[in-house]
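Reminder, nothing fancy here: chain letters follow the sequence lines and each chain counts from 1. The structure presented is a predicted model; accordingly, all values stated were derived computationally and were not measured. Below, each value reflects all heavy atoms present in this structure, side chains not excepted, and no hydrogens, waters or symmetry copies.
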There are 2 protein chains.
Amino acid sequence: MRASDRAYSLLRSDIVEWRLAPGDLLAEVEQSARLGVSRTPLREALSRLVAEGLAAPAGRGVVVSAISLAAVTDLFEVRLPLECAAVRLAAHRGDPALFTALAEEFAAAGRLIEDDDGGQDAYYALVARLDREIDDAARNPYLLQAQKPIRTHLARVRRLARDNPRRLLASAREHEQIALALGAGNAELAEASMRVHLHNSLQHLRSPLPGDPDPHHREEHHG
Amino acid sequence: MRASDRAYSLLRSDIVEWRLAPGDLLAEVEQSARLGVSRTPLREALSRLVAEGLAAPAGRGVVVSAISLAAVTDLFEVRLPLECAAVRLAAHRGDPALFTALAEEFAAAGRLIEDDDGGQDAYYALVARLDREIDDAARNPYLLQAQKPIRTHLARVRRLARDNPRRLLASAREHEQIALALGAGNAELAEASMRVHLHNSLQHLRSPLPGDPDPHHREEHHG
DNA sequence: CCGCGGGGAACTGTATACAGAACCGCCAGG
DNA sequence: CCTGGCGGTTCTGTATACAGTTCCCCGCGG
């Protein structure tokens, strides 16, 4: 693997998983030393991050781009039409049997969620599989290109809101409904199900947790 | 201006305006010599082009990415929901007076189009102004980020289909209708007008040349 | 005549050296 | 005490040197 790829992957995960906070300066010499690569491949990694929106030029050098729960609304304003378009296309072009099988998996996903922590990862993997199958079925590279940055940013804010089993169970039912509609080749129903799911997802993300109303805005000084 | 910016701009326009054809190899030494920059900034320009989808890695090095009229349908499948979302947001958040003024300019745009070739450029500039105002009014950076690559690819295929005055006049009326709806703050009507416009645009792009890759050929068999 | 292997050339990937520019802090003046 | 200019320092932007790899071409053998 190329050094620039390693640098990109490491920096990307550092940003998405909040080890690097918004506003943190990504200095070339510092990061290249930390990641064990030279400045040239690190610069390529940085330009990729900037193109993706995870970093932004700020004066001299680039910083981790700002994001907050306030941006979630903006993100969903774009995500909604894109995902709806995706499921409409998938309903017309996809293989119904495939989605029917996925729907059954979602119907049985309650066991995964109520499991201990390992099961939740399995559920997230299931969701990712459905997303991938929708992408494949939609068969439109430009749609993918448009969705990719949106999903990246969403992965970033999702870390702010801890999913609880209650929400995950509801999410599983919503995904099951989407998969069922796709299995039936019903584009209208698939889009409606997606709208329901995205509405509930957004509402869940925006509802602050009691006792921790502003988790993304705390400023901790390193000791 | 930085050397990497110059290299990026030059390569980008070379690709969009078909001076570099799909499949052409973008060799680092060759291009850096041609553009008068060193390999380091040229590499940054190349990675930006790859991120944008205008170039793609191919074996050793990168090549100009393939595109064709077949891709227009895919592009519009993504463009339609994005532009509809944009005008809906703009109708709610934008300044009505601004769009009303633009609508009047479109109503008077017939003179521009029937002018000799210089006027057509002025008309294209007017369209670009409306796009910009919609972007500003939508006030959503992620929507912009999703639309940018789509518009880039569209600019590339648009060069395949030469607009004729007849289509431009119809286009002006459609844009006027969109601007009017935005001036009235009518999101539903704005979206409907946008759908009409995109439908006609797609139909125009797909109609003229099933097997006529050379834009210099006349296609006036219909009179 | 065709296939295969080796050598060479050229290209990419990486590291590093150098120059220009921006930021920070200090000092002097009001 | 505040402010403005100035110098030092450090960083980015760029160029270039070097190494590894891959591709191509030529020659040799079947």
Whether A/Tyr123 and A/Phe106 hold their rings parallel, tilted or perpendicular, with breakpoints at 30° and 60°: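 Answer is perpendicular, since the angle exceeds 60°.
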A/Arg43 versus A/Ser4, side-chain donor and acceptor atoms under 3.5 Å: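 Note: A/Ser4 and A/Arg43 side chains miss the donor-acceptor criterion.
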Under 4.0 Å protein heavy-atom contact, by nucleotide of nucleotides 13-23 of chain D - B base, S sugar-phosphate only: BBBBB----BS
Let me know the distance between [atom1] of [X] and [atom2] of [N], rounded to the nearest Å.
| X | N | atom1 | atom2 | value |
| --- | --- | --- | --- | --- |
| A/Tyr8 | C/dG13 | OH | C1' | 19 Å |
| A/Leu26 | D/dC11 | CG | C1' | 14 Å |
| A/Leu25 | D/dT10 | CG | P | 15 Å |

Residues forming a side-chain contact (heavy atoms from CB on, under 4.5 Å) with A/Leu20, sequence neighbours excluded: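 Testing A/Leu20 for side-chain contact (heavy atoms from CB on, under 4.5 Å), a comparison that skips the adjacent residues, returns A/Leu11, A/Asp14, A/Ile15, A/Asp24, A/Leu26, A/Arg34, A/Val64.
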Separation of B/His175 NE2 from B/Ser193 OG (nearest 0.5 Å):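 One finds 11.0 Å between OG of B/Ser193 and NE2 of B/His175.
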Ion pair check, A/Asp5 and A/Arg12, cut-off under 4.0 Å: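 Looking at A/Arg12 together with A/Asp5, the answer is no, because their closest N to O distance does not fall below 4.0 Å.
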